[in-house]
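Order of appearance sets the numbers: ligands from 1, and atoms from 1 within every ligand.
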Amino acid sequence: MTTSAAAPTAFWLAGSPATGADSFDVTSSWDGATVGRVSVPTEEQVESAVAAAAGAQHAFAATPAHVRAAALDHVARRLAERAEEIARLITAENGKPVKWSRGEVGRAVSVFRWAAEEARRFNSGEAQRLDTDPGGVGRLALTRRFPRGPVLGIAPFNFPLNLVAHKVAPAIAAGAPIILKPAPATPLSALVLGEILAETSGLPAGSWSVLPVPNDRMPALVQDPRLPVISFTGSDTVGHQIADSVPRKHVTLELGGNAAAVVLADWSSEQDLEWAAARIATFANYQGGQSCISVQRVIADASVYDALVEKVVEKVRGQVTGDPADDATDVGPLVSEAAAERVGQWVEDAVAKGAKVLTGGVREGASYAPTVLAELPADAILASAEAFGPVLSLHRVNGADEAFAAVNDSRFGLQAGVFTHDLQLAFRAHRELEVGGVIIGDAPSYRADQMPYGGVKDSGSGREGVRYAMDDYTYERVLVLTGL
Ligand code: NAD
């Protein structure tokens, strides 16, 4: 943290730009360049943002749907207009190859569009007859949903815009004030979203803030009783710490994973294996493996294992690594040198315990070469932890029973991909896999932003996807009419 005379980027306090006494630099993990300097809110400023959010809740809930929908449509339009600039900013602060950053902006546009539609549909409610019992004769029940109160949204570094969008857009659609806390490594995209929100008309003063609060000051915000809803996306350690510290709050946890791609015996033609290998190689290493649903484990039937492995290794070797700002780059650096060092140590641990490196296994600064491991022993760290790096492990099994058991042999459960043409096996995977989503015919990394998305086990609880997040931010309140 520094105190600097140079003007840092303002944060957003109750819808207006503001600066505090301190600031911090945001640097590129690719070349160490300073990407920006961000102002940090003082304790008094955080207090006034929370007070404003609490003060805005009734006005926001009463804002007409067409006003909230128009604001959300405006945000979608402005994000689309500024797409290239924002994609470049995501790449600069996060190290993500620019082609993936462009995809991320496109997804955020879609999240705001969906939210505009959901805002129009929201709270139509339902009527329930009560004369099914003698005591209910002459009565009618109506249901509507109301915000639980202001939301504290806490976002990770790996999708600095889209995972922020997944918190802000449903809050606006539901009429719930939100205080957004972006990740310290990547606050700039969220602050640009703040600029766009500030251009909209119709959102009550105080209904939103974007506050880059340092981690050591977060416990006070987490505990604040005026923020009854916490929507957290990040690591399982921090997420569970937060949830355990506020047992009476409504906490949504979108946490980590070690997603598996299963390739079953029937997925065996040349074309099948080409597709599976291409999807596995791409989604093991896109964003340097820093996605909660990156492919970390390949679980392949023995009958297709060798042919698949040959193709996966060939495709991983063909990936273009390097400068994330270059259009041709497939795999850029990790978010920091420390992250790459940690991945390196885990690969060394695996090798010391008997794993074979088929390709990769080399670090240079913050970059870690896309790596494929075979014969990963069960006691290696990578066999159970979330790699969050470009490291894939290959596992040979016999039949669907063993394959599904291997997927479930994990403390995580976010998504799984199953390559099969067999409808019975597809339904069986859906029934038996302990995950939040099963993707048939593709990698586990497929996500459409309107789908319910979230995990089981240590991968979290609650669901994002605009409508599902709106459910989390609101609760159903019934109105009973008597004497009809
Ligand atoms: P992280 O847990 O380190 O940080 C997440 C956020 O929590 C950041 O904004 C951070 O500043 C904040 N934070 C840190 N300490 C805090 C505290 N004590 N109180 C309150 N907030 C605190 O995670 P990260 O490294 O930014 O992100 C990577 C993790 O996120 C991975 O585990 C990944 O799988 C997970 N993730 C999950 C999903 C999902 O939807 N399930 C999506 C993306 C990322």
Side-chain angles (χ1 to χ4, degrees), residues 24 26 29 38 40 46 93-96 104 107 111 152-167 179-191 210-224 227 230-246 249 251-259 286-296 334-336 338-339 342-343 385-389 410-415 435-437 444-447 449 451-465 468-469 472:
F24 65 95
V26 178
S29 65
V38 169
V40 175
V46 172
E93 66 176 350
N94 170 283
K96 179 181 307 206
E104 178 171 349
R107 286 182 55 187
V111 168
L152 172 59
I154 304 175
F157 74 82
N158 62 333
F159 287 90
L161 181 68
N162 196 36
L163 292 178
V164 161
H166 267 290
K167 310 217 175 290
I179 291 187
L180 177 81
K181 210 295 282 179
T186 58
L188 295 168
S189 318
L191 294 172
V210 182
L211 303 179
V213 178
N215 287 349
D216 61 357
R217 283 173 43 205
M218 283 304 290
L221 202 53
V222 164
Q223 291 294 334
D224 196 304
L227 303 172
I230 298 180
S231 172
F232 174 87
T233 305
S235 61
D236 71 303
T237 313
V238 175
H240 286 127
Q241 243 171 38
I242 290 174
D244 291 349
S245 76
V246 284
K249 291 200 181 198
V251 182
T252 301
L253 296 176
E254 300 285 347
L255 310 176
N258 56 4
Y286 87 124
Q287 320 200 132
Q290 299 166 119
S291 159
C292 46
I293 41 174
S294 297
V295 188
Q296 182 171 332
L334 299 196
V335 69
S336 64
R342 192 233 344 124
V343 171
E386 175 183 40
F388 227 56
S410 167
R411 69 183 180 91
F412 295 112
L414 209 43
Q415 291 205 148
V435 290
S445 327
Y446 176 79
R447 178 177 183 189
D449 292 279
M451 296 192 320
Y453 179 80
V456 296
K457 298 174 162 175
D458 283 351
S459 291
S461 55
R463 292 292 179 268
E464 286 196 330
Y468 305 92
D472 269 323

Which atoms from ligand 1 have a heavy atom of Gly256 less than 4.0 Å away?
32 (O), 34 (O)
Quick one: which ligand 1 atoms are inside 4.0 Å of a heavy atom on Pro184?
11 (O)
Can you tell me if Arg411 uses its side chain to pair, donor with acceptor, with the backbone of Gly257 under 3.5 Å?
no
Please check this pair: side chain of Lys249 against backbone of Val222, looking for a donor-acceptor N/O pair closer than 3.5 Å.
yes
Any side-chain donor paired with an acceptor under 3.5 Å for Glu93 and Ser189?
yes
Test of understanding: given a 4.0 Å heavy-atom threshold, classify the contact between Thr233 and ligand 1 as side chain, backbone, both, or neither.
both
Is Pro219 near ligand 1, meaning one of its heavy atoms is under 4.0 Å from it?
no
Considering only non-hydrogen protein atoms, determine which one is nearest to atom 8 (C) of ligand 1 and report residue, atom name and distance to 0.1 Å.
Ala155 O, 3.2 Å
Between atom CD1 of Ile154 and atom CG of Leu180, what is the distance when rounded to the nearest 0.5 Å?
9.5 Å
How far is atom 13 (N) of ligand 1 from its nearest protein heavy atom, and which residue and atom name does that atom have?
Asn215 OD1, 3.5 Å
Quick one: CD on Gln287 to CG on Asn94, what's the gap to the nearest 0.5 Å?
6.5 Å
Could you identify the single nearest non-hydrogen protein atom to atom 38 (C) of ligand 1 and state the distance to 0.1 Å?
Cys292 SG, 3.0 Å
Could you tell me whether Ile242 approaches ligand 1 through its side chain, its backbone, both or neither, with non-hydrogen atoms closer than 4.0 Å?
side chain
For ligand 1, is Phe232 a contact, meaning one of its heavy atoms is under 4.0 Å away?
yes
Heavy atoms only: which of Gly462, Ser245, Gly234 is nearest to atom 35 (C) of ligand 1?
Gly234
Euclidean distance, Lys167 NZ relative to Ile230 CD1, rounded to 0.5 Å
11.0 Å
Numbered atoms and elements of ligand 1 in range of Asn158, under 4.0 angstrom, heavy atoms:
43 (C), 44 (C)
Starting from atom 32 (O) of ligand 1, find the nearest protein heavy-atom neighbour and note its residue, name and distance.
Glu386 OE1, 2.7 Å
Closest protein heavy atom (residue, atom, distance) for atom 16 (C) of ligand 1:
Val238 CG1, 3.5 Å
Looking only at atom types and distance, does a side-chain atom of Ser459 sit under 3.5 Å from a main-chain N or O of Gly413, one as donor and one as acceptor?
yes
Please could you name the atoms of ligand 1 that Leu163 approaches to less than 4.0 Å, counting only its heavy atoms?
42 (C), 43 (C)
Using modelled atom types and a 3.5 Å cut-off, is there a donor and acceptor pairing between side-chain atoms of Gln296 and backbone atoms of Ala259?
no
How far is atom 27 (O) of ligand 1 from its nearest protein heavy atom, and which residue and atom is that?
Pro156 CB, 3.3 Å
Derivation of the side chain to side chain contact (heavy atoms under 4.5 Å, CB included) call for Asp458 and Leu255:
CA-CA 7 Å; Asp458 283 351; Leu255 310 176; over 6 Å; no
Check whether Glu254 reaches the backbone of Glu464 with its side chain - one donor and one acceptor, N or O, closer than 3.5 Å.
yes
For Tyr453, take its heavy atoms, then give the atoms of ligand 1 lying under 4.0 Å from any of them.
39 (C), 40 (O)
Smallest separation among heavy atoms of Ser445 and Ile293, with atom names:
OG-O, 2.7 Å
Would you give the length of the straight line joining atom CG of Leu163 to atom OH of Tyr453, rounded to the nearest 0.5 angstrom?
8.0 Å
Closest to atom 37 (C) of ligand 1 among protein heavy atoms sits Leu255 O, 3.1 Å
Under-4.0 Å heavy-atom contact with ligand 1, by part of Val335 that carries it
neither
Between Lys181 and ligand 1, is there a nitrogen or oxygen pair with a distance under 3.5 Å?
yes
Which value, rounded to the nearest 0.5 Å, describes the distance between Ser294 atom OG and Asn158 atom CG?
8.5 Å
Can you confirm whether something in the protein, heavy atoms only, sits under 4.0 Å from atom 4 (O) of ligand 1?
no
Taking the six-membered ring of Phe159 as reference, does the NZ or CZ atom of Lys96 fall below 6.0 Å from its centre and within a 45° cone about the axis?
yes
For Pro182, the atoms of ligand 1 under 4.0 Å from one of its heavy atoms are 9 (O)
Among non-hydrogen protein atoms, atom 24 (P) of ligand 1 lies closest to Phe157 CD2, 3.6 Å
I'd like to check whether Ser235 has a polar contact with ligand 1, where a contact means an N/O of the residue lying under 3.5 Å from an N/O of the ligand.
yes
